[in-house]
Amino acid sequence: MDHNGKFFGKIILSLVIVPVATLVLGEAFTHLYNITLDAGIVERVAFTFGKPLIFALVAVMELIMIAFVRLRLSPLLGYLAAKEAATPELEARARRAALGIPWALILITAGFWIVGTLAFYAMNGWKAPGGTPLAWTLSFKISEGVLSATLNALIVDIILLAPKKALRIERIREGERDRFAESRDMIAVVAAAATLVTHLAYIGRYFIERDPAAAGPSLPVVSSVAVGTVVAALLVACIALSRAEDRRQALALRERIVELGSSDRVDLAARAAVLNFDANGALADAFNGYTESLRGMVAEIDSSMDILSDSCGGLSTRTDAMKRDMSEIARAVGGIGETVEAEANSVEESSASIGMIGRNIEKLHGAVDEQAAVVAQSGAGIEEMIANVRSIALNVEQVDSQYDGLKSASESGAARIAEANAQIEKVAAMSGLVLDANKAIASIAARTNLLAMNAAIEAAHAGSAGAGFSVVADEIRKLAEQSGAQSKEVGARLKEVKSSIDAAVQAAGGAAEGFAEVSKRIEAVSSHQEEIRNALREQAEGSKQVLDAIGTINGVTETVKDGAREMTDGAKSLMEGMRKLNELSARVREEMRTIAAEVEIIGSSFTEVLELVEANDGAIERVNSRVRRFGV
């Protein structure tokens, strides 16, 4: 309560000092530049304090302003007196308590000076005792009152920042808008400009209409600068107070931002205080809205990070277990792979053995087929042999009838060969004569060639006269050469003929001897013919018995052949099954190798997952450490 009394006491002090100071300065200015006075500067200023009624009126105005401010701030004072027990309605009224004070101070001040000035002039017959016209006085009092009220309102706003902060205003509600705070700089500038214009105009009137011989201010530039300096000082004070108010709001917002960015522990439930319902307050309100959203987001992140941390822990545990299971699976797959390899090798060996059995069966089948063919061929051969034996027997009987004719033909042939031999001897003698004649022709051709050469030489010696003879000699030489060549070829042919005739003579002699031998052999064959006929009869009977035995063998061979065909078909089916089994074993072995490789990849993937889980744990811990900075 002492704190509340202190800030309200400061407001009372401002409400008293600022109007009194404004009154003193205004009255001093009015008397300094009053053209009706003929007095020095000190005397003119002294007239300011010779009007107790005006000071009494100002005191009344101050009491009115103090009462209004007290009434306006009563919800705020009541809230500060009982924060914990304050109702929401009292808190809402306290928030809006300071909104109308600046405007009320300006209206009360301007209205009071208007009413007071009019009343003062009315009581004096609408004439001022000092001689200042009503219009000038109204313009002075209104402009000075507005400027001083604006300064007072800014001072009061600065004083109210502390209790406003105690309200812990975090968000701007609907209808809460401080229009004075939004336009205070413009109001201060307009009021200062109006004050400066009216006072400079009054100074100008003074120096234009004053009596040069009268006492009082005599330097218009100095007077104008002095008035401008005072007005500018008041304007600077207003602007400085306005900026100070903005700085307080900005400082509160900055402190909160710095706290969010640099503190080890940040309470997101805390908010930046909203001191005014202006643009800066709206900025703080927006920041608090953002902080509230951030608080909710951080709460969700914190909850999600706890869930994620638990999930990562569970994932790490499950991943470890799965990695161990994958190791067991890898070992089992390795054992299965070894078993499959052994089974595949066994299948390959069995397939090779069955292939060999199949090939042997194929060979057996081929041998049986060959045997059946041989038996069939043997049967056919024996049948053919029996037929041949029968045919031979018939032929032997026919040969018997031909032997006599053959013997007579042999004797006739021997006689003819003797005659042919005599003729051949004659031809041999003739061929010798022809050979000698050919030798003579060859000798003649050689000598003719030599004579043609000599004739050509002599024709060459004769020159052009022997040219024709040279041509004839050349032709003779060519004919001689052709005759010699033909003679040589005829001689070669005659030698061959003579050799053939000699051979024929020898052959004819051998043929005669052969015919004699044939006659002897025919007689011997005729003696053995009967023996052959008897043997053929016995051979025909034995062949028939062999043919019957081969028929029996052929039946047995067909049975073996059928069995061999069935064994071959069974072997082929077994080999096909073993081939498929071998392919299946190869595929199973390949699949087992692929599974082993995949299991190894999965194992390495689980290792990577564990590393990622560990990295995620670290990242989650870092995020949690960051998130836990913010208290929600």
Side-chain angles (χ1 to χ4, degrees), residues 1-16 62-108 149 152-184 241 244-246 248-253 255-256 267-293 295-296 631-632:
M1 190 67 186
D2 293 338
H3 178 75
N4 299 339
K6 286 180 181 180
F7 89 79
F8 190 69
K10 292 178 182 179
I11 291 175
I12 292 174
L13 188 62
S14 174
L15 294 176
V16 171
E62 290 174 346
L63 289 175
I64 294 173
M65 288 192 296
I66 291 170
F68 174 79
V69 171
R70 178 64 181 79
L71 180 63
R72 185 68 182 174
L73 293 178
S74 59
L76 177 60
L77 294 171
Y79 176 83
L80 294 175
K83 288 183 181 180
E84 302 301 331
T87 62
E89 182 181 359
L90 179 60
E91 189 263 344
R93 290 171 56 203
R95 289 164 60 98
R96 295 191 296 270
L99 288 179
I101 290 177
W103 294 114
L105 293 178
I106 293 173
L107 292 174
I108 290 171
N152 219 348
L154 291 171
I155 294 172
V156 171
D157 275 351
I158 289 291
I159 295 171
L160 288 175
L161 288 178
K164 286 180 180 178
K165 192 172 184 179
L167 285 172
R168 297 192 298 272
I169 299 174
E170 298 176 354
R171 303 300 303 272
I172 297 177
R173 299 172 184 172
E174 186 177 358
E176 294 179 337
R177 183 177 180 183
D178 192 348
R179 298 185 183 277
F180 175 76
E182 294 175 355
S183 57
R184 60 196 173 198
L241 290 171
E245 196 170 348
D246 290 341
R248 294 281 185 89
Q249 180 67 81
L251 181 61
L253 184 58
E255 288 176 353
R256 185 60 186 154
D267 184 10
L268 289 179
R271 299 289 183 269
V274 178
L275 302 180
N276 283 320
F277 300 142
D278 57 355
N280 292 324
L283 182 62
D285 172 69
F287 180 77
N288 288 336
Y290 165 74
T291 305
E292 182 64 29
S293 299
R295 179 187 180 191
V632 294

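All figures in this text were calculated on a predicted structure; none of them were measured in a lab.
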Review point. What are the two closest heavy atoms between A149 and L105, and how far apart are they?
Key: CB-O, 3.7 Å
Exercise for review: Return the minimal non-hydrogen interatomic distance between L90 and A86, and the atom names on each side.
Suggested key: CD2-CB, 4.0 Å
Point to revise | Side chain S14, main chain I11, donor-acceptor under 3.5 Å | key: no
Practice item. Rounded to the nearest 0.5 Å, what's the gap from NZ on K164 to CZ on F7? Could you check? Key: 11.0 Å
Review point. Can you name the closest pair of heavy atoms from F8 and I66 and give their distance?
Key: CZ-O, 4.2 Å
Exercise for review: May I ask you to test the L73-F68 pair for a side-chain heavy-atom distance under 4.5 Å?
Suggested key: no
Check your understanding: Does CZ in R168 sit with more than 12 non-hydrogen atoms of other residues, nucleotides or ligands closer than 6.0 Å?
Key -> no
Check your understanding: Between N152 and I106, does a side-chain contact (heavy atoms from CB on, under 4.5 Å) hold up when you go through it step by step?
Key -> CA-CA 9 Å; N152 219 348; I106 293 173; over 6 Å; no
Check your understanding: Is there a side-chain contact between R248 and K165, using heavy atoms and a 4.5 Å cut-off?
Key -> no
Point to revise | Counterpart residues, side-chain contact (heavy atoms from CB on, under 4.5 Å), relative to A286 (two or more places apart) | key: none
Exercise for review: Apply side-chain contact (heavy atoms from CB on, under 4.5 Å) to the pair D157 and L241, showing each step before the final yes or no.
Suggested key: CA-CA 9 Å; D157 275 351; L241 290 171; over 6 Å; no
Exercise for review: May I ask you to test the L160-L76 pair for a side-chain heavy-atom distance under 4.5 Å?
Suggested key: yes
Check your understanding: Under 4.5 Å between any side-chain heavy atoms of L15 and I155, yes or no?
Key -> no
Review point. Quick one: does R70's side chain get under 4.5 Å of L77's, heavy atoms only?
Key: yes
Identify each donor-acceptor pair in which a side-chain atom of residues 92-104 lies under 3.5 Å from a protein atom, sequence neighbours left out, and give them as a table.
unit_1: R95; atom_1: NE; unit_2: E176; atom_2: OE2; d: 2.8
unit_1: R95; atom_1: NH2; unit_2: R171; atom_2: O; d: 2.6
unit_1: R95; atom_1: NH2; unit_2: E176; atom_2: OE1; d: 2.7
unit_1: R95; atom_1: NH2; unit_2: E176; atom_2: OE2; d: 3.4

Check your understanding: Closest approach of V16 and E62, non-hydrogen atoms and distance?
Key -> O-OE2, 2.7 Å
Review point. Would a 4.5 Å heavy-atom cut-off, applied to side chains only, mark E182 and D178 as touching?
Key: no
